[in-house]
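All values reported here derive from a predicted model rather than from experimental measurement. Chain letters run A, B, ... following the sequence lines, proteins first and then strands; every chain starts at 1.
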Number of protein chains: 2
Amino acid sequence: MTTMTRVPASRQPETTPLWLKLSSYLVLSDDEKLYLSELEKTIVKQPPRSDLLQQGERYRDVRIIRDGWAIRHKALPDGRRQVVNFVLPGDIIGMYCTLFESADHSVTTLTQVEVASFPPERIGELFRSFPRLAAALAWSGAREEAMVAERLLSLGRRTALERTAHLIVELLRRLSVVNMAADGHFVLPVTQEILADALGLSIVHINRTLRRLRDSGLIELNGQRITVNDVRQLASVGQFDELYLHLIRAPRRLERTFSDNRSPRSGGRDEQAKA
Amino acid sequence: MTTMTRVPASRQPETTPLWLKLSSYLVLSDDEKLYLSELEKTIVKQPPRSDLLQQGERYRDVRIIRDGWAIRHKALPDGRRQVVNFVLPGDIIGMYCTLFESADHSVTTLTQVEVASFPPERIGELFRSFPRLAAALAWSGAREEAMVAERLLSLGRRTALERTAHLIVELLRRLSVVNMAADGHFVLPVTQEILADALGLSIVHINRTLRRLRDSGLIELNGQRITVNDVRQLASVGQFDELYLHLIRAPRRLERTFSDNRSPRSGGRDEQAKA
DNA sequence: CGAAAAGTTGATCTACATCAACGTGCGTGG
DNA sequence: CCACGCACGTTGATGTAGATCAACTTTTCG
């Protein structure tokens with residue numbers, strides 16, 4: 001199979017998508033890195049189109065996506081559906097599941113997916129023992145919310161063309177962080193129905209909108225591979241302002257807030273995030 | 001003028017909206033209550049239509065709304081605007097502000113507003129010393145995200161009538177928790193333009209939609225007072241399922257995760273909270 | 001190879017936007 | 001005190017982005 005997941009003893013302990021993502025935010029110490037890979041120890045594969053979580057059901061473990069795509073979506077009783085967000089490698093599902101009794105949304109895989117999972121109790125442990133790491137995970141969670149809010153802006157106030165362009169640029173940016181996009185092209189394992197449900201449009205209209213984008217030469221599509229020919233222009237069509245992705249490094253004040261200044265800190269390991 | 005909000009000097013030390021809200025989620029100890037009121041010590045009044053936060057600007061303090069309404073909104077460069085959520089008494093602004101460099105949204109008051117504020121560093125302190133309280137605040141934050149996701153479902157897949165009905169029921173539920181709604185009526189200090197921006201509709205269409213709701217007898221409007229005559233039916237029109245508000249009490253497993261089981265428990269309260 | 005799923009395109013419909021005009025309450029300044 | 005201005009609400013007429021319907025093609029996959 002395609003799993004060589006945990007490297008027994010290479011010198012790079014692990015370069016998981018989550019680690020990549022968090023590293024784009026702050027420099028993790030070796031201890032933190034070790035703990036993180038500890039959390040990602042229990043790994044499972046899930047087939048495409050299977051539920052990782054179902055609306056209304058009790059939350060189980062916290063999950064980290066290591067490979068593959070999924071969607072977070074909500075449904076109305078009559079079947080209408082809204083995709084809230086795309087779940088990509090490095091994303092976490094149910095980070096705050098301890099806080100809620102049951103899930104208000106479903107998570108369904110689009111491709112085969114490799115997930116790590118751990119019991120929610122470890123979140124508490126994490127906050128106590130690795131506050132900086134916890135802060136990084138909280139950053140990842142808060143970013144999620146920011147993305148949903150930005151999509152809300154899309155559905156409320158952007159046209160179909162703008163929304164679509166915006167989404168493509170967003171995906172490109174997110175995938176780049178975890179090394180899954182290069183030169184403006186990436187694999188988009190998504191039907192037009194799912195795009196429609198993500199953008200609040202009909203399938204037919206998504207189809208026509210993609211055609212417009214293709215005809216204008218901004219993007220190319222062959223199969224599931226999408227190529228963005230002119231990111232700048234596409235971003236401008238979608239009124240894309242990446243502020244909401246909060247891709248810049250952790251602010252200085254973070255250390256003050258989240259470092260564990262209670263216990264005597266281990267040796268010299270204190271490197272502030274390099275600006 | 002319509003403010004007699006806080007009770008001048010009852011024997012209850014303080015019953016702030018935030019306390020009310022958190023208490024609906026878990027039973028707070030006296031220590032926790034004390035610390036919370038400590039956090040709400042520094043209080044400021046803000047006039048209507050003033051910004052508590054501006055898109056793009058650096059985050060400042062964490063704020064707790066004690067009285068009045070505000071909106072969280074995002075704008076496109078050309079002026080189109082989306083209201084992401086309504087900020088009500090008991091809500092927190094910038095809970096995770098330490099994590100981000102700058103704000104991707106604005107917060108603007110609708111009425112005169114009374115806010116408490118404290119420096120973000122105290123969040124860390126809070127997590128270390130009062131993990132249950134921190135969990136309750138995290139719950140409040142996660143709920144926020146759930147509300148935004150639900151609104152996304154509205155904009156993507158509900159009709160104008162459904163959206164509007166849904167929003168009214170949501171506000172009713174949220175206000176009930178902080179004792180600001182009774183018998184299905186409450187004050188809605190909001191222009192139709194703001195409703196339009198919240199629901200992704202035009203002003204004209206909101207107006208007609210409200211008229212339909214009024215004509216059908218589901219709601220009554222006089223001035224800023226709105227009366228919901230038949231909550232059940234209105235909820236059914238809006239396909240309202242309150243699951244997403246996560247109004248039920250904290251699950252048992254929360255204690256396991258967030259109680260401070262590291263320090264010698266119960267013996268003497270280690271109150272190191274007073275910085 | 002055959003059937004189902006997904007994509008495509010044209011014709012038509014409609015929910016909502018836009019435009020326009022007017023009403024209504026209210027604060028301000030003369 | 002009035003009047004004028006302005007923000008807000010209301011309603012009708014008309015325009016349009018995107019939905020729906022329908023038919024067909026292409027791809028996927030067992």
Inset, instruction - Would you tell me if any nitrogen or oxygen in the side chain of A:Asn207 comes within less than 4.0 Å of OP1 or OP2 on C:dG7? - result: no

Inset, instruction - Please state whether the phosphate of C:dT8, meaning OP1 or OP2, lies under 4.0 angstrom from any side-chain nitrogen or oxygen of A:Arg214. - result: yes

Inset, instruction - Give the intermediate values and the outcome of salt bridge (Lys or Arg N to Asp or Glu O under 4.0 Å) for residues A:Lys21 and A:Asp91. - result: CA-CA 9 Å; A:Lys21 190 170 83 163; A:Asp91 287 349; 3.0 Å; yes

[X] [atom1] to [N] [atom2], straight-line distance once rounded to whole Å:
X	N	atom1	atom2	answer
A:Leu221	D:dT26	CG	C1'	15 Å
A:His205	C:dC16	NE2	P	15 Å
A:Leu210	C:dT9	CG	P	11 Å
B:Leu155	D:dG18	CG	P	14 Å

Does [X] reach a base, just sugar-phosphate, or nothing at all? Heavy atoms under 4.0 Å.
X	result
B:Gly223	nothing
A:Arg208	base
B:Ser202	base
A:Ile203	nothing

Inset, instruction - Check whether the ring centres of A:Tyr59 and B:His246 lie less than 6.0 Å apart, and answer yes or no. - result: no

Legend entry - Closest to side chain of A:Gln192, choosing from C:dC16, C:dA6, C:dT8: C:dT8

Legend entry - Side chain of B:Arg211 (C-beta onward), nearest among D:dT10, C:dA6, C:dT18: D:dT10

Inset, instruction - Might you work through the ring-ring contact (aromatic ring centres under 6.0 Å, His included) test for A:His166 and A:Tyr244, ending with a clear yes or no? - result: CA-CA 12 Å; A:His166 190 278; A:Tyr244 77 99; 5.6 Å; yes

Inset, instruction - Would you mind reporting whether B:Gln224 and B:Pro189 have side-chain heavy atoms less than 4.5 Å apart? - result: yes

Legend entry - Whichever of A:Val190 and A:Arg157 has its nearest DNA chain C nucleotide further upstream toward 5': A:Val190

